[in-house]
Amino acid sequence: MTSDRLGIRMRISTIGYCLKQGLKNIWRNKMFSLASIATMSACIFLFGIFFAVVQNFQSIVREAEEAVTMIVYFEKGTSQEIMDAVGEEIKTRDGVASVQFVTPEQAWDSFKGVYFAERPELAEGFADDNPLVDYAHYEVYLNDVSLQADLVTYIESLEGVRRVRASQEVADILSNFNLLVGYISIAVILLLLCVSVFLISNTVTIGIAVRKEEIAIMRLIGATNSFIKAPFVVEGILIGLIGAALPLGLLYYLYNSLTGYLEEQFNLLTGFMKFLPVNELFEILLPTGMLLGVGIGFFGSFFTIRKHLRV
Amino acid sequence: MIDLDNVTKAYAKGTHALNGISLHIDKGEFVFITGSSGSGKSTLIKLLLKELEPTSGTIKVNGITLGRMKNRAIPKYRRMLGVVFQDFRLLKDRNVYDNIAFAQRVVITPTKQIRKNVPAMLSLVGLAEKYKSFPRQLSGGEQQRVALARALVNSPKILLADEPTGNLDPKNSKEIMRLLEIINERGTTVVVVTHNQEIVDEMKKRVIVLDKGVIVHDERQAGYTYAD
């Protein structure tokens, strides 16, 4: 057998040993491990609920943002070339979702549709003389309302532009709401992270205390630090993994059932809000939740070991 | 194999566990270190294991100067040593086989090799049939033999035994000493710290006597005469 193959086999048996010891640690400290898994599950569950609510809110906000429009009017007599150039300029800006050019004819048709719908004969007097001949304009749709104020200033500075009509109030409310949701997310996630790290750290500390004698023997025999530490890191990662997988599974089931039930029972809801499909939500929630669990488990145990197992 | 040059170990309270001792132990030697309680015997073992650092002086083991050794090199150094203690220090939740295999796993020995080495060691210490027993099911002498097998399974160059017969009756003590002699005859340097006068007298090996941290006698093929 070559030394490389021997090396690989030795590594595999060492990984197997560390995994086995990690599982044994969990089994030996059943109560503490269970407490850690339960708390980690609760944290990830809360995170999942929060994430689902935030994602759904953001989806609603996104839809609302998409409905926010700016209207760009031109000076009298502005040539079509200049208007086209302005349209191209606007399209290239950040925060712009789409730009639609409305001709004076389309503007007049739309006006007639709104104001003369019941008495179309009143509009016939304007048949050959469109009163909105100088009202060709752009409808600008946004995907980030927080950039609206800058965009208005920029567009107003372009050649031929007379006025930009936009509701700053709606833009402010939406961008402030987005910011608030962002801050609350960060605060809750940080809090949950701290609680989970503390609990994992506690469990690993107890594990180290229980295995104090074994660790002392390992050192005397010539175990390397990483060999001594590995089972504890494995223990932390496993607790994180189990603690994340359980609540995520439960959340998947609950979200699917609850949104289905709500949409079925309260048809009115569907008029102004639509729940994100469970698979779309879990595309991000599943890897994030698992990574969070494993990450908390890894760092919680790693730093505790560094503190307690100094040679 | 082991060289101590003017080694002093003082503790925080100002007491000197070892006070400028120098000694040389050859490869393949069998040495008893004796002396009354507090004479510095256990401190000497801890210094050799690099569990403690000397306050001054130099310790060389197998050509390695311990004072210059980096922390990350300590595990590799300790693999050169086998250690046996008075209280056996076996893992109570593992059976005899696993206690010995544990020492091999720690130094990352392939499982196939462990399966060969552990039974061989158990045969050497006469416990081949008790490989499934747990420490609580064994007598003191048997537990010490398991500890000895664990110390030897990684083929150490030096075996350090700190009061290996301290918890054993005379019959078991003699058996353990006979095993240590066999191990020594196979080429391992053996250093035994002991209070056991009868054994020291009977074995006629080199005896180093410590008193208040100083070597008061160092004689080949000696007895316990000078210890107290």
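Below, each value reflects all heavy atoms present in this structure, side chains not excepted, and no hydrogens, waters or symmetry copies. If you're wondering where the values come from, they're calculated on a predicted model, not measured in any experiment.
- Ranked by heavy-atom pairs under 4.5 Å with chain A, the first of B:M80, B:R94, B:K76, B:Q113 is B:R94.
- When heavy atoms are compared at a cutoff of 4.5 Å, B:Y77 does not approach chain A at all.
- Environment of NZ in A:K212: sparse, with no more than 12 heavy atoms of neighbouring residues, nucleotides or ligands closer than 6.0 Å.
- Distance check, rounded to the nearest 0.5 Å: CE of A:M290 to CG of A:L285 gives 11.0 Å.
- Of the charged side-chain nitrogens involved, at least one lies within less than 4.0 Å of a carboxylate oxygen, so that B:E181 and B:K205 count as a salt-bridged pair.
- The cationic atom of B:R89 (NZ for Lys, CZ for Arg) lies less than 6.0 Å from the six-membered ring centre of B:F85 and within 45° of the ring axis.
- Applying a 4.5 Å heavy-atom cutoff, the residues of residues 132-156 of chain B that approach chain A are B:R150, B:N154.
- Contact of B:K50 with chain A is not made at all, since no heavy-atom distance falls under 4.5 Å.
- Between A:K24 and A:E235, none of the side-chain N atoms (NZ, or NE/NH1/NH2) sits under 4.0 Å from a carboxylate O, so this pair counts as no salt bridge.
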**Report entry** Verdict with reasoning, B:N99 to B:Y131, per side-chain hydrogen bond (donor to acceptor under 3.5 Å, both in side chains)
**Finding:** CA-CA 9 Å; B:N99 260 286; B:Y131 70 98; over 6 Å; no
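- A ring-centre distance under 6.0 Å is not found for A:Y255 and A:Y253.
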Query raised in the report: Going through the distances and angles, do B:T55 and B:Y11 end up as a side-chain hydrogen bond (donor to acceptor under 3.5 Å, both in side chains)?
Result: CA-CA 9 Å; B:T55 311; B:Y11 289 110; over 6 Å; no
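- Heavy-atom distances place no part of B:R72 under 4.5 Å from chain A, backbone and side chain included.
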